[in-house]
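What follows is a short report on a single structure.
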Amino acid sequence: MMSSGSGGGNRRLRIFLVENHQDTLIGLTRYLEQMDHEVFSASTMNESLAALRKIQIDILLSDIGLPDGSGWELLQRANLPESVYAVAMSGFGMNADRARSKAAGYRRHLLKPFDPQILDEILAEVALEQGLP
């Protein structure tokens, strides 16, 4: 797991990113850090579960297809507070996939590759919900 981010922007969120594709993980981490968010990351379900027991986050961005389980299983096992906004990221976007994400507790299901503007809108929504200016 890596943690990073510096500075203290007005809408700084604590984001946990779960992605097993290394290039995507690096790219998304850099993108989120450039917006001054604090980013924690993992590439497997078990790494994520261990890390999530030790930190508090505002948002979970999780790939659905993980090498040791699924993002659906991760969210069910993580036992996160209701205040955590969970977003599923997947290459699968059929209605059944979206329904399964919703049933697991994800509030949004982003189909990869997704438009960064959609992610920006979600982050702004979370910041508003968290009472950040």
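Nearest approach of L25 to S41, heavy atoms of both residues: CD1-CB, 3.6 Å. Between Y106 and A88 the shortest heavy-atom distance is CD2-N, 3.2 Å. I64 and S90 get closest at one heavy-atom pair: CG1-CB, 3.8 Å. Between T44 and L66, the shortest heavy-atom contact is C-CD1, 4.4 Å. A pairwise comparison of heavy atoms in Y85 and I59 identifies O-CG1, 3.1 Å as the closest pair.
For N95, the CG atom sits in a loose shell: 12 or fewer heavy atoms of surrounding residues, nucleotides or ligands are nearer than 6.0 Å. Residue F92 qualifies as open at atom CZ: its count of foreign heavy atoms under 6.0 Å is 12 or below.
The salt bridge (charged side-chain N to carboxylate O under 4.0 Å, His left out) search around E125 returns none, not counting sequence neighbours. By the salt bridge (charged side-chain N to carboxylate O under 4.0 Å, His left out) test, K112 is found to be paired with E19, D63, residues two or more places apart in sequence or in another chain being considered.
One finds no salt bridge joining R108 and E121 here, because no Lys/Arg side-chain nitrogen approaches an Asp/Glu carboxylate oxygen to under 4.0 Å.
For R100 (side chain) and W72 (main-chain N/O), no donor-acceptor pair under 3.5 Å exists by modelled atom type. In this structure, D58 contributes its side chain and R14 its backbone to a donor-acceptor pair below 3.5 Å. S101 places a side-chain N or O within donor-acceptor distance of the main-chain N or O of D97, the cut-off being under 3.5 Å. A donor-acceptor pair under 3.5 Å is formed between the side chain of R98 and the backbone N or O of H109. Listed for the H37 side chain is a donor-acceptor partner under 3.5 Å among the backbone atoms of L13.
Residues R30 and V39 form no side-chain contact, since every pair of their non-hydrogen atoms from C-beta on lies 4.5 Å or further apart. Within the 4.5 Å cutoff, no side-chain heavy atoms of F16 are placed close to those of V84.
If you take CG on L52 and CG on L60, they are separated by 6.5 Å, rounding to the nearest 0.5 Å. How far OG of S48 is from CG of D68: 8.0 Å, rounded to the nearest 0.5 Å. One finds the CD1 atom of I55 at 8.0 Å from the CD atom of E38 (value rounded to the nearest 0.5 Å).
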